[in-house]
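Predicted model, so just to flag it, every value in this text is computed and none were measured. Basis for what follows: all heavy atoms, side chains included, without hydrogens, waters or symmetry-related copies.
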Amino acid sequence: MDVSMHVRTVVCAYSREELPTSWLQVFRRFERAFEKAKLDVRVRLDPLEDLPDDFEILVVPARLRRRADELAQRARVVPVSRETAAGAAGALIAEIERGDALRADALRSEAPRAVHVRGMREL
């Protein structure tokens, strides 16, 4: 029996009442970490009150952990702060690469990629 979870979506959730700038930095760190690892995992930024139907990892500020546990259903809840986000993203990616409890598909080279543009320069 395969007990590993196939990760397709990571949601960085915030309270609809407040979206601090530091939480945008957490989202960007997770987004960049998964892009750099070349994993076919979508990283989303959504309010905790309006989560998508399907996701496997729910990243939340520690103060929202209890609410997240109630809403996560089968998803893994990862409480982080701005200071611990890079380490938490790295630990998730390492766990996926080991393939024990988490796994994800590699990003296909022919798949469309998201391009970030600032002014006339591609980032």
Side-chain angles (χ1 to χ4, degrees):
M1 182 170 118
D2 186 18
V3 294
S4 65
M5 179 187 304
H6 191 141
V7 178
R8 292 178 193 89
T9 305
V10 172
V11 175
C12 294
Y14 59 94
S15 170
R16 188 172 290 185
E17 299 157 1
E18 177 185 25
L19 174 56
T21 304
S22 62
W23 197 248
L24 290 173
Q25 293 172 339
V26 168
F27 164 69
R28 293 286 182 223
R29 285 189 184 192
F30 271 83
E31 188 177 50
R32 277 189 235 117
F34 278 92
E35 286 174 2
K36 186 176 178 181
K38 297 186 185 327
L39 294 172
D40 190 15
V41 174
R42 181 176 180 197
V43 180
R44 297 177 51 143
L45 179 66
D46 290 305
L48 195 56
E49 298 83 2
D50 191 23
L51 294 172
D53 293 333
D54 295 321
F55 59 94
E56 294 75 34
I57 307 290
L58 182 58
V59 180
V60 294
R63 64 184 170 74
L64 296 178
R65 171 78 190 254
R66 184 175 299 149
R67 283 178 57 198
D69 284 336
E70 294 170 1
L71 298 170
Q73 298 170 5
R74 295 183 310 263
R76 180 187 292 189
V77 176
V78 179
V80 301
S81 65
R82 189 186 76 196
E83 295 79 18
T84 63
L92 278 174
I93 290 168
E95 191 172 344
I96 289 170
E97 289 172 346
R98 281 192 312 272
D100 298 334
L102 299 177
R103 59 187 168 79
D105 295 328
L107 192 60
R108 297 185 326 249
S109 60
E110 69 274 2
R113 68 181 186 98
V115 176
H116 301 278
V117 178
R118 181 175 294 150
M120 299 295 288
R121 189 171 51 144
E122 184 176 319
L123 303 175

Tell me whether [X] shares a hydrophobic cluster with [Y], the cluster being built from Ile, Leu, Val, Met, Phe, Trp, Tyr side chains joined at under 4.5 Å.
X	Y	result
V59	L48	no
M5	V41	yes
Y14	V11	no
V43	L39	yes
L71	V60	yes

Mind listing the closest non-hydrogen atom pair of [X] and [Y] along with its distance?
X	Y	value
R44	T9	CD-CG2, 3.7 Å
V77	A72	CG2-CB, 3.5 Å
F30	A85	CE1-O, 3.7 Å
G99	S4	O-CB, 4.2 Å

Is the [atom1] atom of [X] crowded by more than 12 outside heavy atoms at less than 6.0 Å?
X	atom1	value
R66	CZ	no
E17	CD	no
R42	CZ	no

(request) Under the side-chain contact (heavy atoms from CB on, under 4.5 Å) rule, what do R8 and E56 come out as? Steps first, then yes or no, please. (result) CA-CA 7 Å; R8 292 178 193 89; E56 294 75 34; 3.8 Å; yes
(message) Pair I57, V78 - check side-chain contact (heavy atoms from CB on, under 4.5 Å), show working.
(response) CA-CA 7 Å; I57 307 290; V78 179; 3.9 Å; yes
(request) Check whether any side-chain N or O of W23 sits under 3.5 Å from a backbone N or O of A13 as a donor-acceptor pair, and report yes or no. (result) yes
(message) Could you go through E49 and R67, starting from their C-alpha distance and side-chain angles, then the distance that decides it, and tell me whether this counts as salt bridge (charged side-chain N to carboxylate O under 4.0 Å, His left out)?
(response) CA-CA 10 Å; E49 298 83 2; R67 283 178 57 198; 2.7 Å; yes
(request) Go through the steps for H6 and D105 under the test side-chain contact (heavy atoms from CB on, under 4.5 Å), then give the verdict. (result) CA-CA 8 Å; H6 191 141; D105 295 328; 3.4 Å; yes
(message) Is any side-chain heavy atom of R76 closer than 4.5 Å to one of L92?
(response) yes
(request) Starting from the C-alpha separation in whole Å, work towards a yes-or-no answer on side-chain contact (heavy atoms from CB on, under 4.5 Å) for I96 and F34. (result) CA-CA 11 Å; I96 289 170; F34 278 92; 3.8 Å; yes
(request) For the pair E31 and R28, find out whether any cationic side-chain nitrogen is under 4.0 Å from an anionic carboxylate oxygen. (result) yes
(message) For the CZ atom of R74 and the CG atom of L58, what is their distance to the nearest 0.5 Å?
(response)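 Taking CZ in R74 and CG in L58, the distance rounds to 14.0 Å.
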(message) Distance check, rounded to the nearest 0.5 Å: E95 atom CD versus R98 atom CZ?
(response) 5.5 Å
